Peer 1: 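Structure provided below as structure tokens; questions to follow.
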Amino acid sequence: MPELPEVETVRRGLAPVFAGRRLTAVRLNRPDLRFPLPDGFVQRLSGARVETLERRAKYLLASLDRGDTLVMHLGMSGRFEIDRPAAGAAERPGGFRTRVEADAKHAHVIFETDEAVRVTYYDPRRFGFMGLIETKALGQHAWFKAMGPEPLGPDFNAAYLNAAFAGRRQGPKTLLLDQRIVAGLGNIYVCEALHRARIPPLAPAGGVSRANIAALTGAVRAVLTEAIAAGGSTLKDYAAADGALGYFQHAFRVYSREGQPCLRPGCRGTVARIVQGGRSTFFCPVCQR
DNA sequence: CTCAGCTCCTGCGGGC
DNA sequence: TGCCCGCAGGAGCTGA
């Protein structure tokens, strides 16, 4: 389920246990996630040293000293759990934990490092996937080749988005979810950004004014920055005592708030829900016009 | 090229 | 209480 802020939160939690460490053991509890894991996955990882753990859009990239990069995507329900046997307690850096996910049957991949730290990948729905790609060729790989700019980077700006929206009849909602246009947004943050910028989700993107597009790029940056600072959003959680759950869900202005009052000061609208491309869009029909 | 619709998978919560 | 249905933070594929 994670979008960019959640993946970034996971990255920050995992980096201290992965970066600079050697993988002493890797175990697979099944041969595939969403896609089959590559041939020799375990062998190619075992004994390799992780140099850095970075993020591109919703992907985690662990570059290895052997010239490969371990690429990980959490799909809808992927989650990592760190176990430090010495400390005895488990941490949940991404906070994506439910009663069900706690079930060992969804522990698909287990890494162990030379500090005897165990990192377990859980993914009940198995929409997540992993790959092992030659680092030099990463940019040419199908997963990254056509990927749009990072929404928090310099290439995502009003001029760029203006060009991307020009002449398009699809709504801004659909286009912002397209990772080829901008990479890292998902359903929550697109809904929130459109609301902040007061842009209707359904009207043709080609008709959005330059001023509104400029406001939209600012809104995207703001909502992502705030969400990262909050540790992301945790939708399905139970009261874990470790404090690692994200809390940006309390700052949602429209997402998952159908029938509730619009939170824009002075607006008397009621949040509506429509379906676009099979996904829920939450918006305020009064102020997003 | 663009766009709508469907698919993968499992679990949960609401309504009857 | 139990069952059925709709829905879920993603993204790739098909076919018009």
Side-chain angles (χ1 to χ4, degrees), chain A residues 1-10 30 32-36 55-60 71-80 94-108 121-131 141-148 151 163-193 202-206 223-224 227-228 230-238 245-252 254-259 273-282:
Chain A
M1 305 187 175
E3 306 182 31
L4 187 153
E6 291 75 34
V7 177
E8 178 59 23
T9 300
V10 171
R30 56 177 304 134
D32 62 314
L33 295 170
R34 177 175 182 172
F35 310 117
R55 178 190 59 73
R56 172 75 170 105
K58 303 173 194 173
Y59 289 82
L60 291 169
V71 179
M72 300 173 281
H73 193 294
L74 305 183
M76 291 278 263
S77 57
R79 179 178 61 84
F80 286 99
F96 303 100
R97 189 186 178 88
T98 70
R99 274 173 234 97
V100 176
E101 288 175 15
D103 193 319
K105 75 181 175 188
H106 299 304
H108 304 311
Y121 178 70
Y122 295 86
D123 190 354
R125 292 180 72 181
R126 239 181 309 125
F127 285 175
F129 48 94
M130 295 186 189
H141 191 275
W143 293 341
F144 302 100
K145 197 177 173 61
M147 185 176 271
F165 277 11
R168 301 293 297 267
R169 285 188 305 163
Q170 280 184 301
K173 164 75 191 306
T174 311
L175 295 189
L176 289 177
L177 279 179
D178 186 338
Q179 305 295 298
R180 293 169 300 185
I181 291 178
V182 56
L185 294 176
N187 210 26
I188 291 178
Y189 298 106
V190 167
C191 290
E192 293 296 316
L202 204 49
V223 74
L224 293 179
I228 290 170
S233 305
T234 304
L235 296 193
K236 295 181 174 184
D237 59 328
Y238 70 96
L245 301 177
Y247 55 88
F248 191 75
Q249 65 276 13
H250 302 301
F252 291 168
V254 286
Y255 187 82
S256 194
R257 295 193 60 250
E258 181 184 16
R273 173 182 167 271
I274 58 174
V275 175
Q276 284 180 275
R279 324 245 351 236
S280 288
T281 296
F282 297 91

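Each chain gets a letter, A, B and so on, in the order its sequence line appears, and its residues count up from 1. Owing to the predicted nature of the structure, the values given are computational and were not obtained by experimental measurement.
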Peer 1: Is it the case that the base of dC9(B) and the side chain of Arg125(A) share a donor-acceptor contact (distance under 3.5 Å, atom types as modelled)?
Peer 2: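 Answer yes: a donor N or O sits under 3.5 Å from an acceptor.
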Peer 1: Using whole Å, report how far NZ of Lys173(A) lies from P of dG9(C).
Peer 2: 8 Å
Peer 1: Ignoring backbone atoms, establish whether Tyr255(A) has a side-chain N or O less than 4.0 Å from OP1 or OP2 of dG9(C).
Peer 2: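 Yes.
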Peer 1: Look for any protein N or O under 3.5 Å of an N or O in nucleotides 4-6 of chain B and output each such pair with its distance, or none.
Peer 2:
residue	atom	partner	partner atom	Å
dA4(B)	OP2	Gln170(A)	NE2	3.1

Peer 1: Tell me every residue that passes side chain to side chain contact (heavy atoms under 4.5 Å, CB included) with Gln276(A), counting only those two or more places apart in sequence or in another chain.
Peer 2: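 Side chain to side chain contact (heavy atoms under 4.5 Å, CB included) list for Gln276(A), sorted by chain: Lys173(A), Thr174(A), Pro201(A), Leu202(A), Ile274(A), Thr281(A).
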Peer 1: Below 30° counts as parallel, above 60° as perpendicular, anything between as tilted: where do the rings of Tyr59(A) and His73(A) land?
Peer 2: perpendicular
Peer 1: Run the side-chain contact (heavy atoms from CB on, under 4.5 Å) check on Trp143(A) and Val71(A) step by step: do they pass?
Peer 2: CA-CA 10 Å; Trp143(A) 293 341; Val71(A) 179; 3.8 Å; yes
Peer 1: Mind checking side chain to side chain contact (heavy atoms under 4.5 Å, CB included) for Arg126(A) and listing every partner two or more places apart, or none if nothing turns up?
Peer 2: Arg30(A), Asp32(A), Leu33(A), His108(A)
Peer 1: Can you tell me which residue pairs pass the salt bridge (Lys or Arg N to Asp or Glu O under 4.0 Å) test with a partner in residues 176-186 of chain A, sequence neighbours excluded?
Peer 2: Asp178(A)-Arg180(A)
Peer 1: The side chain of Arg168(A) is closest to which nucleotide in this list: dG9(C), dT2(B), dA11(C)?
Peer 2: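 Output: dT2(B).
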Peer 1: Below the 4.0 Å mark, does dG11(B) have OP1 or OP2 next to a side-chain nitrogen or oxygen of His106(A)?
Peer 2: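 For dG11(B), OP1 or OP2 has a side-chain N or O of His106(A) closer than 4.0 Å.
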Peer 1: So what does Arg34(A) hit on the nucleic acid, given a heavy-atom distance under 4.0 Å: a base, only sugar-phosphate, or nothing?
Peer 2: base
Peer 1: Tell me, do Tyr255(A) and Leu235(A) make a side-chain contact under 4.5 Å, heavy atoms counted?
Peer 2: yes
Peer 1: Would Phe127(A) pass as stacked on dG10(C), i.e. its ring centre under 5.5 Å from the base's six-membered ring centre and planes under 30° apart?
Peer 2: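 Phe127(A) vs dG10(C): stacking yes.
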Peer 1: Counting only side-chain heavy atoms from C-beta out, which of dT10(B), dC7(C), dG9(C) sits nearest to Arg273(A)?
Peer 2: dC7(C)
Peer 1: Under 4.0 Å between a side-chain N/O of Arg279(A) and OP1 or OP2 of dG9(C), yes or no?
Peer 2: yes
Peer 1: Counting Watson-Crick and G-U wobble pairs whose two distances are both under 3.5 Å, find the runs of 3 or more in a row that involve DNA chain C.
Peer 2: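 Only these stems qualify: B:2-8 with C:10-16, B:10-16 with C:2-8.
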Peer 1: So, does Lys105(A) get its side chain near the phosphate of dC9(B), meaning an N or O under 4.0 Å from OP1 or OP2?
Peer 2: no
Peer 1: Are Lys58(A) and dG10(C) close enough that a side-chain N or O sits under 4.0 Å from OP1 or OP2?
Peer 2: yes
Peer 1: I'd like to check the salt bridge (Lys or Arg N to Asp or Glu O under 4.0 Å) partners of Arg55(A); sequence neighbours left out, ordered by chain and number.
Peer 2: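 With sequence neighbours excluded, Arg55(A) shows a salt bridge (Lys or Arg N to Asp or Glu O under 4.0 Å) to Glu8(A), Glu150(A), given in chain and number order.
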Peer 1: Between dG9(C) and dC3(B), how far apart are the C1' atoms? Round to whole Å, please.
Peer 2: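 dC3(B) and dG9(C) have their C1' atoms separated by 23 Å.
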